[in-house]
Amino acid sequence: MPLIVTGTIGIDTVETPHGTANAVLGGSCTYFAAAASFFTPVRIVAAVGGDFDDSHRQTFSRFPNVCVEGLELRRASKTFAWGGRYSQDMNVRETLYTHLGVVGEKPPAPPEVYRDSRFVFLANTHPAVQRDLLTHFPEHKLAVADTMDLWIDTAKPELLSLMRDIDGLVLNDQEATQLTGKRNAITAGKHILDHGPAFAIIKKGEHGCILVHREGIAALPGYPTERVIDPTGAGDSFAGGMMGHIAAKHPPGSKVSDVSHMGAIQEALAYGTVIASFTIEDFSLNRLATLTKDEVDGRLREFARVVRVA
Ligand code: AMP
(Lines give C-alpha, C1' and ligand atoms only; values in the text may rest on other atoms or scores of the structure.)
Protein backbone atom coordinates (compact mmCIF):
# COMPACT_ATOMS: atom_id res chain seq x y z
CA MET A 1 0.00 0.00 0.00
CA PRO A 2 1.41 3.42 -0.92
CA LEU A 3 3.71 5.02 1.65
CA ILE A 4 4.19 8.77 1.98
CA VAL A 5 6.66 10.75 4.07
CA THR A 6 7.30 14.33 4.98
CA GLY A 7 10.32 15.60 6.88
CA THR A 8 13.50 17.50 6.18
CA ILE A 9 15.69 17.37 3.14
CA GLY A 10 18.91 18.67 4.55
CA ILE A 11 22.30 19.88 3.56
CA ASP A 12 24.46 18.37 6.29
CA THR A 13 27.98 18.99 7.45
CA VAL A 14 29.06 16.13 9.68
CA GLU A 15 32.25 15.51 11.64
CA THR A 16 33.03 12.06 12.96
CA PRO A 17 36.31 10.51 14.16
CA HIS A 18 36.60 9.14 10.60
CA GLY A 19 36.49 12.51 8.83
CA THR A 20 34.23 15.33 7.75
CA ALA A 21 31.51 15.42 5.11
CA ASN A 22 30.78 18.94 3.89
CA ALA A 23 27.40 20.06 2.56
CA VAL A 24 26.23 16.55 1.75
CA LEU A 25 22.67 15.37 1.25
CA GLY A 26 20.89 14.48 4.47
CA GLY A 27 17.63 15.14 6.24
CA SER A 28 15.08 12.94 7.97
CA CYS A 29 12.85 12.59 4.90
CA THR A 30 15.82 11.68 2.69
CA TYR A 31 17.16 8.89 4.89
CA PHE A 32 13.68 7.56 5.57
CA ALA A 33 12.72 7.42 1.89
CA ALA A 34 15.99 5.86 0.75
CA ALA A 35 15.70 3.14 3.42
CA ALA A 36 12.01 2.42 2.81
CA SER A 37 12.60 2.20 -0.93
CA PHE A 38 14.30 -1.20 -0.50
CA PHE A 39 10.89 -2.60 0.39
CA THR A 40 8.23 -0.49 -1.32
CA PRO A 41 7.72 2.64 -3.46
CA VAL A 42 7.78 5.75 -1.29
CA ARG A 43 6.55 9.27 -1.98
CA ILE A 44 8.18 12.33 -0.50
CA VAL A 45 6.61 15.66 0.37
CA ALA A 46 9.24 18.26 1.22
CA ALA A 47 10.67 21.59 0.11
CA VAL A 48 14.20 22.63 -0.78
CA GLY A 49 15.69 26.03 -1.54
CA GLY A 50 17.74 27.56 -4.34
CA ASP A 51 20.95 26.19 -2.77
CA PHE A 52 19.86 22.59 -3.41
CA ASP A 53 22.21 21.72 -6.23
CA ASP A 54 22.42 19.04 -8.91
CA SER A 55 24.68 16.76 -6.90
CA HIS A 56 22.06 16.63 -4.14
CA ARG A 57 19.27 16.04 -6.65
CA GLN A 58 21.20 13.29 -8.44
CA THR A 59 21.51 11.31 -5.24
CA PHE A 60 17.75 10.79 -5.31
CA SER A 61 18.03 9.25 -8.77
CA ARG A 62 20.08 6.43 -7.15
CA PHE A 63 16.82 5.32 -5.47
CA PRO A 64 14.36 4.56 -8.27
CA ASN A 65 11.63 3.57 -5.80
CA VAL A 66 11.57 7.11 -4.36
CA CYS A 67 9.03 9.37 -6.04
CA VAL A 68 10.15 13.02 -5.94
CA GLU A 69 7.06 14.53 -7.53
CA GLY A 70 6.26 16.09 -4.15
CA LEU A 71 9.68 17.76 -3.89
CA GLU A 72 8.99 21.48 -4.04
CA LEU A 73 11.72 23.89 -5.17
CA ARG A 74 11.58 27.36 -3.59
CA ARG A 75 14.31 29.25 -5.40
CA ALA A 76 14.27 32.29 -3.11
CA SER A 77 14.55 30.20 0.06
CA LYS A 78 17.28 28.16 1.75
CA THR A 79 17.29 24.40 2.19
CA PHE A 80 17.20 23.07 5.76
CA ALA A 81 20.83 22.82 6.92
CA TRP A 82 22.28 20.93 9.85
CA GLY A 83 25.76 20.53 11.30
CA GLY A 84 26.72 17.80 13.75
CA ARG A 85 29.82 16.48 15.47
CA TYR A 86 30.27 13.02 16.97
CA SER A 87 32.60 12.31 19.88
CA GLN A 88 35.12 9.45 19.82
CA ASP A 89 32.64 6.80 20.98
CA MET A 90 30.07 7.99 18.38
CA ASN A 91 27.16 7.55 20.77
CA VAL A 92 27.34 11.21 21.69
CA ARG A 93 26.38 13.79 19.10
CA GLU A 94 26.52 17.54 19.36
CA THR A 95 24.38 19.68 17.07
CA LEU A 96 26.56 22.58 15.85
CA TYR A 97 23.78 24.43 14.03
CA THR A 98 20.28 23.98 12.66
CA HIS A 99 19.16 26.43 9.98
CA LEU A 100 15.47 25.83 9.37
CA GLY A 101 15.21 27.61 5.99
CA VAL A 102 12.14 26.21 4.16
CA VAL A 103 11.08 24.28 7.28
CA GLY A 104 10.11 27.60 8.88
CA GLU A 105 7.88 28.48 5.93
CA LYS A 106 4.48 27.16 4.84
CA PRO A 107 4.28 23.36 4.72
CA PRO A 108 4.80 21.73 1.31
CA ALA A 109 1.59 20.37 -0.25
CA PRO A 110 1.26 16.77 -1.44
CA PRO A 111 0.57 16.46 -5.19
CA GLU A 112 -2.83 15.16 -6.30
CA VAL A 113 -1.31 11.86 -7.52
CA TYR A 114 -0.37 11.02 -3.92
CA ARG A 115 -4.03 10.99 -2.80
CA ASP A 116 -4.27 7.21 -2.41
CA SER A 117 -1.41 7.05 0.13
CA ARG A 118 -2.51 5.08 3.20
CA PHE A 119 0.72 4.75 5.18
CA VAL A 120 1.92 8.09 6.48
CA PHE A 121 5.27 8.71 8.10
CA LEU A 122 5.96 12.08 9.68
CA ALA A 123 9.74 12.17 9.83
CA ASN A 124 11.50 14.74 11.96
CA THR A 125 10.38 18.25 11.18
CA HIS A 126 8.27 20.92 12.84
CA PRO A 127 5.13 19.29 14.33
CA ALA A 128 3.01 21.88 12.49
CA VAL A 129 4.39 20.57 9.18
CA GLN A 130 3.78 17.00 10.34
CA ARG A 131 0.20 17.84 11.29
CA ASP A 132 -0.40 19.55 7.95
CA LEU A 133 0.53 16.42 5.98
CA LEU A 134 -1.64 14.24 8.19
CA THR A 135 -4.73 16.39 7.54
CA HIS A 136 -4.39 15.56 3.83
CA PHE A 137 -4.78 11.84 4.55
CA PRO A 138 -7.79 11.34 6.84
CA GLU A 139 -8.23 7.79 5.51
CA HIS A 140 -4.77 6.61 6.46
CA LYS A 141 -4.31 3.07 7.79
CA LEU A 142 -1.19 3.84 9.79
CA ALA A 143 0.31 7.18 10.82
CA VAL A 144 3.61 7.21 12.65
CA ALA A 145 5.72 10.21 13.67
CA ASP A 146 9.30 10.76 14.71
CA THR A 147 10.43 13.68 16.82
CA MET A 148 13.57 15.05 18.45
CA ASP A 149 14.95 17.40 21.09
CA LEU A 150 14.56 20.62 19.08
CA TRP A 151 10.82 20.09 18.58
CA ILE A 152 10.22 18.92 22.15
CA ASP A 153 11.95 22.15 23.27
CA THR A 154 10.30 24.57 20.88
CA ALA A 155 6.94 23.07 19.86
CA LYS A 156 5.77 20.77 22.66
CA PRO A 157 2.08 21.84 22.60
CA GLU A 158 1.89 21.14 18.84
CA LEU A 159 3.64 17.81 19.38
CA LEU A 160 1.25 16.76 22.17
CA SER A 161 -1.68 17.70 19.96
CA LEU A 162 -0.25 15.67 17.05
CA MET A 163 0.17 12.67 19.36
CA ARG A 164 -3.60 12.45 19.79
CA ASP A 165 -3.94 11.68 16.07
CA ILE A 166 -1.12 9.25 15.33
CA ASP A 167 -0.84 5.50 15.83
CA GLY A 168 2.82 5.41 16.75
CA LEU A 169 5.68 7.62 17.92
CA VAL A 170 9.38 6.89 17.34
CA LEU A 171 12.06 8.66 19.37
CA ASN A 172 15.32 7.95 21.16
CA ASP A 173 15.61 7.28 24.88
CA GLN A 174 16.89 10.77 25.75
CA GLU A 175 14.07 12.36 23.81
CA ALA A 176 11.53 10.08 25.49
CA THR A 177 12.84 11.25 28.88
CA GLN A 178 12.78 14.87 27.74
CA LEU A 179 9.18 14.51 26.53
CA THR A 180 7.77 12.61 29.50
CA GLY A 181 10.09 13.35 32.43
CA LYS A 182 10.50 9.56 32.89
CA ARG A 183 13.98 7.99 32.89
CA ASN A 184 12.92 4.38 32.37
CA ALA A 185 12.18 3.66 28.70
CA ILE A 186 9.17 1.46 29.45
CA THR A 187 7.66 3.99 31.85
CA ALA A 188 8.27 6.76 29.30
CA GLY A 189 6.68 4.63 26.58
CA LYS A 190 3.57 4.01 28.69
CA HIS A 191 3.35 7.71 29.37
CA ILE A 192 3.42 8.36 25.62
CA LEU A 193 0.55 5.89 25.10
CA ASP A 194 -1.48 7.88 27.65
CA HIS A 195 -1.28 10.78 25.18
CA GLY A 196 -2.83 8.91 22.26
CA PRO A 197 -0.55 6.60 20.24
CA ALA A 198 -1.13 2.82 20.27
CA PHE A 199 2.62 2.25 20.38
CA ALA A 200 5.91 3.99 21.06
CA ILE A 201 9.27 2.85 19.77
CA ILE A 202 12.13 3.99 21.96
CA LYS A 203 15.50 3.77 20.23
CA LYS A 204 18.62 3.18 22.28
CA GLY A 205 21.30 3.72 19.64
CA GLU A 206 23.64 0.75 19.23
CA HIS A 207 21.74 -1.05 22.00
CA GLY A 208 18.61 -1.43 19.90
CA CYS A 209 15.05 -0.46 20.67
CA ILE A 210 12.08 -1.10 22.91
CA LEU A 211 8.54 -1.32 21.63
CA VAL A 212 5.88 -0.27 24.11
CA HIS A 213 2.56 -1.28 22.58
CA ARG A 214 -0.96 -1.37 24.01
CA GLU A 215 -0.75 -5.14 23.53
CA GLY A 216 2.60 -5.59 25.30
CA ILE A 217 6.32 -4.91 25.30
CA ALA A 218 9.10 -6.13 22.99
CA ALA A 219 12.79 -5.41 22.61
CA LEU A 220 15.40 -5.95 19.94
CA PRO A 221 19.17 -5.37 20.05
CA GLY A 222 20.98 -3.38 17.40
CA TYR A 223 22.80 -5.31 14.69
CA PRO A 224 26.27 -5.88 16.17
CA THR A 225 28.78 -4.15 13.94
CA GLU A 226 32.29 -2.71 14.13
CA ARG A 227 31.98 -0.61 10.99
CA VAL A 228 30.57 2.72 12.17
CA ILE A 229 31.73 5.61 10.02
CA ASP A 230 28.87 8.10 10.39
CA PRO A 231 25.77 7.38 12.53
CA THR A 232 23.79 10.25 10.96
CA GLY A 233 20.45 9.09 9.63
CA ALA A 234 20.43 5.81 11.54
CA GLY A 235 17.16 6.71 13.26
CA ASP A 236 15.46 7.83 10.07
CA SER A 237 16.68 4.75 8.19
CA PHE A 238 15.42 2.55 11.01
CA ALA A 239 11.98 4.12 10.61
CA GLY A 240 12.18 3.77 6.83
CA GLY A 241 12.97 0.08 6.95
CA MET A 242 10.25 -0.52 9.50
CA MET A 243 7.51 1.40 7.66
CA GLY A 244 8.68 0.16 4.26
CA HIS A 245 8.31 -3.43 5.40
CA ILE A 246 4.83 -2.82 6.88
CA ALA A 247 3.60 -1.01 3.75
CA ALA A 248 4.97 -3.76 1.48
CA LYS A 249 3.34 -6.47 3.54
CA HIS A 250 -0.15 -5.03 3.61
CA PRO A 251 -2.02 -4.85 0.31
CA PRO A 252 -4.80 -2.28 -0.27
CA GLY A 253 -7.87 -3.33 1.69
CA SER A 254 -5.92 -4.54 4.74
CA LYS A 255 -7.70 -3.83 8.01
CA VAL A 256 -6.32 -1.06 10.24
CA SER A 257 -6.12 -3.54 13.14
CA ASP A 258 -3.90 -5.90 11.08
CA VAL A 259 -1.50 -3.11 10.17
CA SER A 260 -0.84 -1.77 13.66
CA HIS A 261 -1.09 -4.84 15.88
CA MET A 262 1.86 -5.72 18.04
CA GLY A 263 3.11 -8.64 15.93
CA ALA A 264 3.21 -6.52 12.75
CA ILE A 265 5.19 -3.74 14.41
CA GLN A 266 7.51 -6.11 16.24
CA GLU A 267 8.39 -7.97 13.05
CA ALA A 268 9.09 -4.69 11.25
CA LEU A 269 11.65 -3.60 13.88
CA ALA A 270 14.17 -6.10 12.49
CA TYR A 271 13.94 -4.59 9.01
CA GLY A 272 14.54 -1.12 10.40
CA THR A 273 17.49 -2.31 12.47
CA VAL A 274 19.18 -3.97 9.51
CA ILE A 275 18.81 -1.00 7.14
CA ALA A 276 20.13 1.37 9.81
CA SER A 277 23.20 -0.84 10.23
CA PHE A 278 24.07 -0.21 6.57
CA THR A 279 23.46 3.56 6.70
CA ILE A 280 26.15 4.06 9.33
CA GLU A 281 28.82 2.31 7.26
CA ASP A 282 29.54 5.49 5.28
CA PHE A 283 28.81 9.22 5.21
CA SER A 284 25.52 10.63 3.95
CA LEU A 285 23.52 8.29 1.66
CA ASN A 286 26.70 6.74 0.23
CA ARG A 287 26.22 3.23 1.59
CA LEU A 288 22.50 3.05 0.85
CA ALA A 289 23.17 4.22 -2.71
CA THR A 290 25.25 1.10 -3.43
CA LEU A 291 23.25 -1.31 -1.28
CA THR A 292 21.40 -4.21 -2.92
CA LYS A 293 18.28 -6.03 -1.78
CA ASP A 294 20.34 -9.24 -1.65
CA GLU A 295 22.68 -7.66 0.89
CA VAL A 296 19.68 -6.56 2.95
CA ASP A 297 18.19 -10.05 2.89
CA GLY A 298 21.55 -11.61 3.75
CA ARG A 299 22.00 -9.39 6.80
CA LEU A 300 18.44 -10.09 7.90
CA ARG A 301 19.24 -13.80 7.94
CA GLU A 302 22.43 -13.08 9.86
CA PHE A 303 20.52 -10.90 12.33
CA ALA A 304 17.97 -13.68 12.87
CA ARG A 305 20.87 -15.97 13.86
CA VAL A 306 22.30 -13.29 16.17
CA VAL A 307 19.11 -12.74 18.15
CA ARG A 308 18.06 -16.40 18.43
CA VAL A 309 16.98 -17.04 22.00
CA ALA A 310 15.60 -20.56 21.98
P1 AMP B 1 19.21 10.98 12.77
O2 AMP B 1 20.70 10.73 12.82
O3 AMP B 1 18.42 9.79 12.37
O4 AMP B 1 18.73 11.66 14.01
O5 AMP B 1 18.96 12.02 11.58
C6 AMP B 1 19.87 13.02 11.25
C7 AMP B 1 19.33 13.78 10.05
O8 AMP B 1 18.22 14.56 10.46
C9 AMP B 1 20.34 14.72 9.45
O10 AMP B 1 20.52 14.36 8.09
C11 AMP B 1 19.74 16.12 9.59
O12 AMP B 1 19.74 16.84 8.37
C13 AMP B 1 18.33 15.88 10.04
N14 AMP B 1 17.97 16.72 11.19
C15 AMP B 1 18.78 17.17 12.17
N16 AMP B 1 18.08 17.91 13.07
C17 AMP B 1 16.80 17.92 12.64
C18 AMP B 1 15.58 18.49 13.12
N19 AMP B 1 15.54 19.21 14.23
N20 AMP B 1 14.45 18.26 12.42
C21 AMP B 1 14.49 17.51 11.29
N22 AMP B 1 15.58 16.95 10.78
C23 AMP B 1 16.73 17.14 11.44
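For reference, positions follow the sequence shown, starting with 1. Here the structure is a predicted model, which is why all the values come from computation and not from measurement.
Considering only residues two or more places apart in sequence or on other chains, F80 meets the ring-ring contact (aromatic ring centres under 6.0 Å, His included) condition with none of them. Scanning for ring-ring contact (aromatic ring centres under 6.0 Å, His included) contacts around H250 gives an empty result, with sequence neighbours left out. For E105, the salt bridge (Lys or Arg N to Asp or Glu O under 4.0 Å) partners two or more places apart in sequence, or in a different chain, are R74. Legend: residues meeting salt bridge (Lys or Arg N to Asp or Glu O under 4.0 Å) with D297, ordered by chain and number and at least two apart, are K293. For E139, the side-chain contact (heavy atoms from CB on, under 4.5 Å) criterion is met by R118, not counting sequence neighbours. Residues meeting the side-chain contact (heavy atoms from CB on, under 4.5 Å) test with K249, sequence neighbours left out: H245, E267. Partners of T154 under the side-chain hydrogen bond (donor to acceptor under 3.5 Å, both in side chains) rule, at least two apart in sequence or in another chain, do not exist in this structure. Applying the side-chain hydrogen bond (donor to acceptor under 3.5 Å, both in side chains) rule to S61 yields no partners; only residues at least two apart in sequence or on another chain are considered. Taking the salt bridge (Lys or Arg N to Asp or Glu O under 4.0 Å) definition, one finds that R115 meets it with E112, sequence neighbours left out. Considering only residues two or more places apart in sequence or on other chains, L211 meets the side-chain contact (heavy atoms from CB on, under 4.5 Å) condition with F199, I201, H213, A218, M262, I265, Q266, L269.
Side-chain contact of R43 with Y114: a donor-acceptor pair under 3.5 Å is absent, judged by distance alone. If you check the side chains of Y31 and T232, you find no donor sitting under 3.5 Å from an acceptor. For the residue pair Q174 / D149, no side-chain donor-acceptor distance below 3.5 Å is found, with atom types taken as modelled. For T292 and D294, the side-chain atoms include no donor-acceptor pair closer than 3.5 Å. Residues Q178 and D153 have side chains that bring a donor and an acceptor to within less than 3.5 angstrom of each other.
Electrostatic pairing of R299 and E302 does not count as a salt bridge here, judged by no charged N lying under 4.0 Å from a carboxylate O.
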Please tabulate, for the side chains in residues 119-129, all donor-acceptor contacts under 3.5 angstrom to protein atoms that are two or more places apart in sequence or on a different chain.
{"unit_1": "N124", "atom_1": "OD1", "unit_2": "M148", "atom_2": "N", "d": "3.1"}
{"unit_1": "H126", "atom_1": "ND1", "unit_2": "A128", "atom_2": "N", "d": "2.9"}

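The aromatic rings of Y97 and H99 sit parallel, their planes meeting at an angle under 30°, below the 60° perpendicular limit.
Identified under the salt bridge (Lys or Arg N to Asp or Glu O under 4.0 Å) test for residues 50-64, with sequence neighbours left out: none.
T225 contributes atom OG1, which lies 5.5 Å from atom CD1 of I280 (distance to the nearest 0.5 angstrom). In this structure, I4 CD1 and C29 SG are separated by 9.5 Å, a value rounded to the nearest 0.5 Å.
Two residues are said to be in side-chain contact when any heavy atoms from C-beta on lie closer than 4.5 Å; I44 and V66 meet this criterion. The shortest distance between side-chain heavy atoms of D165 and L134 falls below 4.5 Å. Side chains of V144 and L169 form no contact here, defined as non-hydrogen atoms less than 4.5 Å apart. By the 4.5 Å heavy-atom criterion applied to side chains, T59 and V24 are not counted as neighbours.
Side-chain N or O atoms of S161 include none that pairs as donor or acceptor with a backbone N or O of P157 at under 3.5 Å.
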task: In sequence, state the C-alpha distance, the side-chain angles, and the governing distance for L193 and V212, and then conclude on side chain to side chain contact (heavy atoms under 4.5 Å, CB included).
output: CA-CA 8 Å; L193 303 201; V212 180; 4.2 Å; yes

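Counting non-hydrogen atoms of neighbouring residues, nucleotides and ligands closer than 6.0 angstrom, the CD atom of Q88 reaches no more than 12 such neighbours.
Note: the hydrophobic cluster containing F39 also contains L220 (ILVMFWY, side chain heavy atoms under 4.5 Å, direct or indirect links).
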